[in-house]
Amino acid sequence: MYDEHALADKFNIDEWKKIFPYLKPYKKELSWLMFTCVFTAFFDAIFPLMTKYAINTFIAQRTLDGIVAFTVVFVLLAVIQGWGSVVYSQKAIVIEMGVGRDMRYNLYRHIQELSIEYFNLTPVGFILARVMNDTNSMGGMFSWRLAMIVFQSSYLIFILASMILLDVTLGLIVTAVVIILGIITAYIQRRLIVLNRETRKQNSKITAAYNEYITGAQTIKSLAGEELITDEFSGVNQEMRLKTMRVRNLERTFMPMIAAGASMCVAIVVSVSVPRVNSLAFDVGTLAVFISYTFSILGPVQELCQCLNNTISLQANVERVNHLMEAPAAVDDSEKVKNIYGDIYSPKTENWEQIKGDIEFCDVSFRYPDSDRYVLENFNLKIKAGTCVAIVGATGAGKSTLVNLVCRFFEPTKGQILIDGVDYRKRSLSWLESNLSYVLQSPHLFSGTVLENIKYAKPDATMEQVIAAAKKAQAHGFIEKLPEGYNTDIGQGGDKLSTGQKQLISIARAILADGKIMVMDEATSSVDTRTELLINAMTADLLKDKTSFIIAHRLSTVKNADIIILVDEGKIIEMGTHRQLLRKGGAYYNLYTSQWEEDEQEKFFKKLEDKTDKNQ
């Protein structure tokens, strides 16, 4: 199973600094958040002093003089404190939603810039966990958790300062206990960082497993593999339980220690204060304040410890987000190229050259990033504009390698690929992508209508152009029969359509794109025989004036191609026209004659079945 990058062994402020720029747009809200947190903490610390005044004045002296003014002031303080709480809550919501939104947006933009290689190596579940879960955690950290840390820290400082001002000895005793609790917290930090990181990684594995099992639900059921898959998931889930239990056990052990420290503090205050009250060296009001403050210490200390633990655990989230944001694109334009032609989000189309479609491989050697074996070595090939190149071979032979290089999904390890006589690395990716029409073997449609999916290729296309493309792709007939025609909603991923119908729509989309370079990767493998024959008959018209690449398993569909390249085990073993390769009598000849015999046998038995049915 995919394993994430190694994370740091301890809290790393440098990782957090990379997140801080997301706070810049919310400086005003952050300032208000900090101010109102300190503000409300100050008023919270004042209330016990108000209690002291009430005890020493109204109870000890048995008088109600000034009770009305005292009540008015008390209520006014409560209203002011309530106002501060409302304001910091509002600001926290703005920061939480804003930071989360901005991070998701930037991550999504960066993901669009990543190369195919990244998605081949990284499971969808891991990417989703970072984009959704981790960004939400960051938003919560810089809003509610930050507010809690500022509020509880300020509150703790105010009560400790008040206690020291009221009685230095008792105040210092309580302060010493708080410092000891802080040292214990620091001691446990490191262990919590490691355990929380392991838990986060395991959570990502569960997310990835869920994604894989849900998307493969049909396959699982068809193989009756529910029990096997459930057992696999049970193992991942059990590991998550064990890792989470370790974290929770440490946290649950830690909190009682804090509570015990606070209780000990109360006991010390009472044992020291009561004799002094009896000797009139300490008034009852001050004793009440100390007891109130001492009990109040438990709350902020526990909250601060909890916030600190949460912040520590977020180290893993921060590192994961940064790792994704900093993931390099294996294929990217140089700064010089971007300055001339722009990037995918800001293309300078006015500088784009008109493409003809001449393609040339110049001493190209290539190996995939995760392999040491060269797929191509010193490969040379000239393809004139308008040429049809067929790439054939058995399943898994490596037929897509040449196309991946032409489309610049990968770049040559050595050598150059020229388009119209210029190394395509000197032109922008956007320029090349805008001139590609690609039909995948497994078509992907987006949620929405048929019309919207076809128009992805050309958003400003007219309805007449869309229909013309659909007719060429043999899709117009079935589209018209849909409940709402071109405005029919096809569901998520086109799940309301058959695989063949999705393929025809993807072909229509590629036709509408009208790229000078067209790739058809087993484009008719999912359609019925009649439709396949119609599309094959129109192939010459579809590919007219285009440099095209047809990846196929059936040789009968590509025999009219200008160049046929036979691939086996990732290597090009034969190349030429259909006639040239047959005359050669090599691997292509053997493969073609083998398929021809299979086709003839199939036709024979089909005729025999038809004849038998007719006689019956």
Side-chain angles (χ1 to χ4, degrees), residues 116 331 333 337 340-342 344 347-364 366 376 379-392 399-412 415-440 457-458 461 465 468-469 472-473 506-523 535-536 538-552 557-565 567 572 575-578:
I116 298 296
V331 177
D333 294 325
V337 170
I340 299 173
Y341 299 103
I344 63 172
K348 299 178 181 179
T349 55
E350 66 276 8
N351 294 335
W352 289 5
E353 292 84 354
Q354 189 72 29
I355 190 171
K356 297 177 182 177
D358 291 327
I359 300 173
E360 182 177 358
F361 288 76
C362 299
D363 294 321
V364 170
F366 174 75
L376 293 177
F379 178 70
N380 292 277
L381 176 66
K382 284 186 178 183
I383 304 171
K384 293 184 178 180
T387 300
C388 178
V389 180
I391 306 172
V392 299
K399 298 188 292 294
S400 298
T401 300
L402 284 175
V403 170
N404 286 337
L405 287 169
V406 170
C407 296
R408 207 180 164 194
F409 296 153
F410 295 91
E411 292 180 341
Q416 294 179 312
I417 295 179
L418 311 182
I419 295 182
D420 296 342
V422 179
D423 188 333
Y424 65 1
R425 285 172 288 202
K426 295 182 179 179
R427 304 270 175 83
S428 74
L429 274 167
S430 300
W431 169 81
L432 179 57
E433 290 171 356
S434 68
N435 286 290
L436 287 177
S437 292
Y438 204 122
V439 182
L440 295 167
K458 189 177 181 182
Q465 290 174 317
K472 285 184 178 181
S506 70
I507 292 173
R509 185 168 57 193
I511 292 171
L512 184 64
D514 196 28
K516 282 292 186 179
I517 300 173
M518 189 163 189
V519 178
M520 300 185 74
D521 186 354
E522 300 278 10
I535 293 176
N536 288 338
M538 295 184 64
T539 298
D541 183 54
L542 292 177
L543 304 182
K544 188 177 180 181
D545 299 326
K546 300 180 187 300
T547 304
S548 55
F549 295 84
I550 302 176
I551 300 175
T557 63
V558 299
K559 59 185 180 181
N560 294 322
D562 299 311
I563 301 173
I564 298 175
I565 298 174
V567 180
I572 296 173
M575 184 166 61
T577 65
H578 176 68

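Along the sequence shown, the residues carry numbers beginning at 1. FYI, side chains are in, hydrogens and waters are out, and symmetry mates aren't considered; it's all heavy atoms of this structure.
- The backbone N or O of Ile340 lies less than 3.5 Å from a partner atom in the side chain of Asn351, making a donor-acceptor pair.
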task: In sequence, state the C-alpha distance, the side-chain angles, and the governing distance for Val403 and Ile391, and then conclude on side chain to side chain contact (heavy atoms under 4.5 Å, CB included).
output: CA-CA 9 Å; Val403 170; Ile391 306 172; 3.8 Å; yes
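- Judged purely by distance below 3.5 Å, without hydrogens or angles, the side chains of Tyr341 and Glu353 pair a donor atom with an acceptor atom.
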- prompt: After noting the C-alpha distance and the side-chain angles of Leu405 and Phe366, does the key distance pass the side chain to side chain contact (heavy atoms under 4.5 Å, CB included) rule?
  reply: CA-CA 9 Å; Leu405 287 169; Phe366 174 75; 3.7 Å; yes
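- Remark: Lys356 does not engage Asp358 in a salt bridge, criterion side-chain N to carboxylate O under 4.0 Å.
- Within 6.0 Å of NZ in Lys348 there are more than 12 heavy atoms belonging to other residues, nucleotides or ligands.
- In this structure the side chain of Asn380 never reaches within 4.5 angstrom of the side chain of Phe361, judged on heavy atoms.
- When side chains are defined from C-beta on, Ser434 counts as touching Trp352, because their heavy atoms get closer than 4.5 Å.
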- request: Given side chain to side chain contact (heavy atoms under 4.5 Å, CB included), test Ile550 with Val392 step by step and report yes or no.
  value: CA-CA 8 Å; Ile550 302 176; Val392 299; over 6 Å; no
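- Separation of atoms SG (Cys407) and CZ (Phe549) is listed at 8.0 Å; rounding is to 0.5 Å.
- Between Val439 and Asp521 the shortest side-chain heavy-atom distance does not fall below 4.5 Å.
- Between Asp333 and Arg408, at least one side-chain nitrogen of the basic residue sits less than 4.0 Å from a carboxylate oxygen of the acidic one, meeting the salt-bridge criterion.
- Ile551 places none of its side-chain heavy atoms less than 4.5 Å from the side chain of Met520.
- Between Val331 and Phe409 the shortest heavy-atom distance is CG2-O, 3.5 Å.
- Here the closest non-hydrogen pair linking Ile507 and Ala473 is CG2-CB, 3.6 Å.
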message: Does Trp431 form a side chain to side chain contact (heavy atoms under 4.5 Å, CB included) with Ile355? I'd like the steps, not just the answer.
response: CA-CA 9 Å; Trp431 169 81; Ile355 190 171; 3.9 Å; yes
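- What you find for Ala385 and Thr547 is that their closest heavy atoms are CA-OG1, 3.4 Å.
- Closest non-hydrogen pair, Ala552 versus Val558, comes out as CB-CG1, 3.6 Å.
- Side-chain contact between Asp562 and Thr577 is absent, with no heavy-atom pair separated by less than 4.5 Å.
- Between Tyr424 and Pro412, the closest side-chain pair of non-hydrogen atoms falls below 4.5 Å.
- Contact check on Asp514 versus Lys546 returns a salt bridge, with a Lys/Arg side-chain nitrogen under 4.0 Å from an Asp/Glu carboxylate oxygen.
- One distance of note links NZ of Lys544 with CE of Met518; it measures 15.0 Å at 0.5 Å rounding.
- Contact between Lys382 and Ile563 at its shortest, heavy atoms only, is O-CD1, 4.4 Å.
- By the 6.0 Å contact criterion, CD on Glu350 is enclosed, its count of non-hydrogen atoms from other residues, nucleotides or ligands being greater than 12.
- Heavy atoms only, all atoms of each residue included: Lys399 and Val567 are closest at N-CG1, 4.3 Å.
- Residues Leu402 and Leu376 have side chains in contact (heavy-atom distance under 4.5 Å, counting atoms from C-beta outward).
- No side-chain heavy atom of Ser548 sits less than 4.5 Å from a side-chain heavy atom of Ile517.
- Side-chain atoms of Asp423 do not come within 3.5 Å of backbone N or O of Leu418 as any donor-acceptor pair.
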